[in-house]
Amino acid sequence: MTTEIIGTYATALFLLIGSTFVIIGVIGLLKFNTPMTRVHAPTKVGTVGIGMLLLASIAHSFVLGDVSIHETLIMAFLFVTAPISANFIAKVNIHSGSCVKTPPPPVDKTWSTLNTPEGEEGSDA
């Protein structure tokens, strides 16, 4: 097998995997009811799906003999911005009160803090 045939098969495999992830993300977006559950489908699954489609584009450009770096920049931008936008959407839903509130923290002075109880101080000697 030549490298061109192997590259074509790799491109087809990347396209198939990416399309499967994108379809799973779309089904999750349509199936979930609340905005907080809808956030997960496109950001988690969609990012991997779009990444695989871009990887297929990179593999295809190498098969054709062209070197394309644009897809790598798009992938980096996507992997950085998708979690940030999901975080902002989740924060808006939490602050608007349109979702179920999280349970209150336990009555404990050390929960989610750097405070340590009396007598458990680390020895700095």
Side-chain angles (χ1 to χ4, degrees):
M1 294 180 95
T2 64
T3 56
E4 185 175 332
I5 294 173
I6 293 172
T8 304
Y9 283 143
T11 301
L13 182 68
F14 293 151
L15 284 174
L16 185 66
I17 292 171
S19 300
T20 303
F21 274 103
V22 168
I23 288 172
I24 290 170
V26 168
I27 291 171
L29 183 64
L30 295 175
K31 185 173 172 76
F32 293 138
N33 303 358
T34 63
M36 288 297 276
T37 55
R38 282 183 153 185
V39 165
H40 295 287
T43 55
K44 306 294 187 265
V45 178
T47 304
V48 176
I50 300 297
M52 290 301 284
L53 293 176
L54 290 170
L55 194 60
S57 179
I58 291 171
H60 182 66
S61 68
F62 279 124
V63 166
L64 294 178
D66 298 331
V67 178
S68 177
I69 210 76
H70 297 96
E71 291 89 355
T72 314
L73 296 173
I74 295 169
M75 210 180 305
F77 181 74
L78 178 72
F79 289 156
V80 169
T81 58
I84 294 171
S85 62
N87 187 19
F88 283 148
I89 292 170
K91 280 187 172 190
V92 165
N93 283 318
I94 289 172
H95 289 298
S96 69
S98 64
C99 63
V100 178
K101 298 272 187 215
T102 57
V107 181
D108 185 9
K109 301 290 185 202
T110 61
W111 186 84
S112 182
T113 64
L114 294 176
N115 296 335
T116 55
E118 299 285 330
E120 290 187 20
E121 298 287 328
S123 62
D124 295 325

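Keep in mind that the numbers below use all heavy atoms, side chains included, and drop hydrogens, waters and symmetry copies. In this text, all values refer to a predicted model and were calculated from it rather than measured experimentally.
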Sequence neighbours excluded, the answer for side chain to side chain contact (heavy atoms under 4.5 Å, CB included) partners of A59 is T11, F14

Decide whether V63 and L54 are clustered together by the hydrophobic rule: side chain heavy atoms of Ile, Leu, Val, Met, Phe, Trp, Tyr closer than 4.5 Å, transitively. no

Rounding to 0.5 Å, atoms CG (L13) and CD1 (I6) come to a distance of 13.0 Å

Rounding to 0.5 Å, atoms CG (L64) and CD (E4) come to a distance of 8.0 Å

Output for pair (T8 OG1, H60 NE2), nearest 0.5 Å, gives 8.0 Å

Hey, are the side chains of H40 and F32 touching, using non-hydrogen atoms and a 4.5 Å cut-off?
no

Applying side chain to side chain donor-acceptor pair (under 3.5 Å) to S19 and not counting sequence neighbours gives none

With sequence neighbours left out, the residues meeting side chain to side chain donor-acceptor pair (under 3.5 Å) with T2 are none

Side-chain heavy atoms nearer than 4.5 Å, only ILVMFWY residues, links allowed to pass through others: does that put V39 and I50 together? no

Applying side chain to side chain contact (heavy atoms under 4.5 Å, CB included) to K31 and not counting sequence neighbours gives none

Residues passing the side chain to side chain donor-acceptor pair (under 3.5 Å) test with T20, sequence neighbours excluded, are none

Listed pairs under 3.5 Å, donor-acceptor, residues 66-79 side chains, sequence neighbours left out:
unit_1: S68; atom_1: OG; unit_2: E71; atom_2: OE1; d: 2.5
unit_1: S68; atom_1: OG; unit_2: E71; atom_2: OE2; d: 3.4
unit_1: E71; atom_1: OE2; unit_2: S57; atom_2: OG; d: 2.7

So OG1 of T43 and CG of L29: to nearest 0.5 Å the spacing works out to 10.0 Å

